[in-house]
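Just so it is clear, the values below take in all heavy atoms, side chains as well, and ignore hydrogens, waters and symmetry mates. Treat the numbers as computed from the prediction; the structure is a model and nothing was measured.
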2 protein chains.
Amino acid sequence: MKSDKKARLERAGWVVGDAAQFLTLSAQEQRFVELKLALATGVRQLRERRGLTQAALAKRLGSSQSRVAKMEAADTSVSLDLMMRSLLSIGATAGEIARLIKKTEAA
Amino acid sequence: MKSDKKARLERAGWVVGDAAQFLTLSAQEQRFVELKLALATGVRQLRERRGLTQAALAKRLGSSQSRVAKMEAADTSVSLDLMMRSLLSIGATAGEIARLIKKTEAA
DNA sequence: CCGTCACATGTCATATTGGACATACTCGCT
DNA sequence: AGCGAGTATGTCCAATATGACATGTGACGG
């Protein structure tokens, strides 16, 4: 497909797909869960490195131990928001967080 | 305070604070909104760079134009999750996302 | 002018995520 | 074996984020 026509269709709201269209959706979903996984691992690592228990981190967050456990397990019921807040609460720098994300690159 | 004692108290769940304790809470909150802001800006930039309208991106996400608009405005009603999904839908690489976050470092 | 397109803003019913609590599992210790 | 600290897992229902929709603005072309 000509790229100008493709652009026009996309502007019109269509998801212009090639043969792998359906796959790309789940590929993005996969990238998303990889990202969550990486952040979950990061939370655990940084927390342990600082000698904090899940309960201690929970108190800082105004959350509960069970939520922290689920978070570190990358449970589907926890959002990226909570993970980010956790990382920040632990004292992760932007660079550290960026590094966690960068690590998910490629395969 | 001795750092071993501090560690013990923290393990016990206490938020051991220095004089800036109350401030750190809001400082983290500020870092969080800066992060959201950076990602919001990133979404807009990448979307425009690819010649997509908000409606087109919304369709890809299975969302709506209004939500995309709020997202790019870093509205408090939109989650990091949606922003990340957007970036991935747009085709941002992990490196690009990491760079957006890294940029929020320092001041 | 008027229509159209892209974007902004507000509201709402519903779905997802939240903290809390109970309870179970796993160690290391004595 | 029995304990205690830390962690895991499951279920509540309250809080928040969601898509949909209506409507408003502003720019551009005719």
Practice task
Give a yes or no on whether a donor-acceptor pair under 3.5 Å exists between the nucleobase atoms of dG19(C), that is its base, and the side chain of Lys70(A).
Solution key: no
Contact check, side chains of [X] and [Y], non-hydrogen atoms, under 4.5 Å:
X: Leu39(B); Y: Ile101(B); value: yes
X: Met71(A); Y: Ser63(A); value: no
X: Thr104(A); Y: Leu37(A); value: no

Between [atom2] on [N] and [atom1] on [X], what's the gap in Å once rounded to a whole number?
X: Gln54(A); N: dG19(C); atom1: CD; atom2: C1'; result: 15 Å
X: Arg85(B); N: dA17(D); atom1: CZ; atom2: P; result: 15 Å
X: Lys59(B); N: dA20(D); atom1: NZ; atom2: C1'; result: 13 Å
X: Glu72(B); N: dA6(C); atom1: CD; atom2: P; result: 14 Å
X: Leu57(A); N: dG19(C); atom1: CG; atom2: P; result: 11 Å
X: Asp81(A); N: dG19(C); atom1: CG; atom2: P; result: 11 Å
X: Asp75(A); N: dT11(D); atom1: CG; atom2: C1'; result: 13 Å
X: Arg50(B); N: dA6(C); atom1: CZ; atom2: P; result: 19 Å

Exercise for the section: Give Val78(B) one of three labels, base, sugar-phosphate or nothing, depending on what nucleic acid heavy atoms sit under 4.0 Å from its own. Expected result: sugar-phosphate
Exercise for the section: Select base, sugar-phosphate, or nothing to describe what Ser64(A) touches, counting heavy atoms under 4.0 Å on all strands. Expected result: base
Problem - Nearest-nucleotide 5' precedence on DNA chain C, Ala69(B) against Thr76(A) - result: Ala69(B)
Side chain of [X], heavy atoms from C-beta onward: which of [options] has the nearest atom to it?
X: Ser66(A); options: dG6(D), dA8(D), dT9(D); answer: dT9(D)
X: Thr53(A); options: dG6(D), dA8(C), dA6(C); answer: dG6(D)
X: Gln65(A); options: dG19(D), dA8(D), dA8(C); answer: dA8(D)
X: Ser79(A); options: dA22(C), dA22(D), dT17(C); answer: dT17(C)

Side-chain N or O of [X] closer than 4.0 Å to phosphate OP1/OP2 of [N]:
X: Arg44(A); N: dA8(D); result: yes
X: Ser63(B); N: dG19(D); result: yes
X: Arg47(A); N: dT7(D); result: yes

Problem - Neighbour count >12 (heavy atoms, 6.0 Å) for atom NZ, Lys102(A) - result: no
Problem - Gln65(B) side chain vs Gln54(B) backbone, donor-acceptor pair below 3.5 Å - result: no
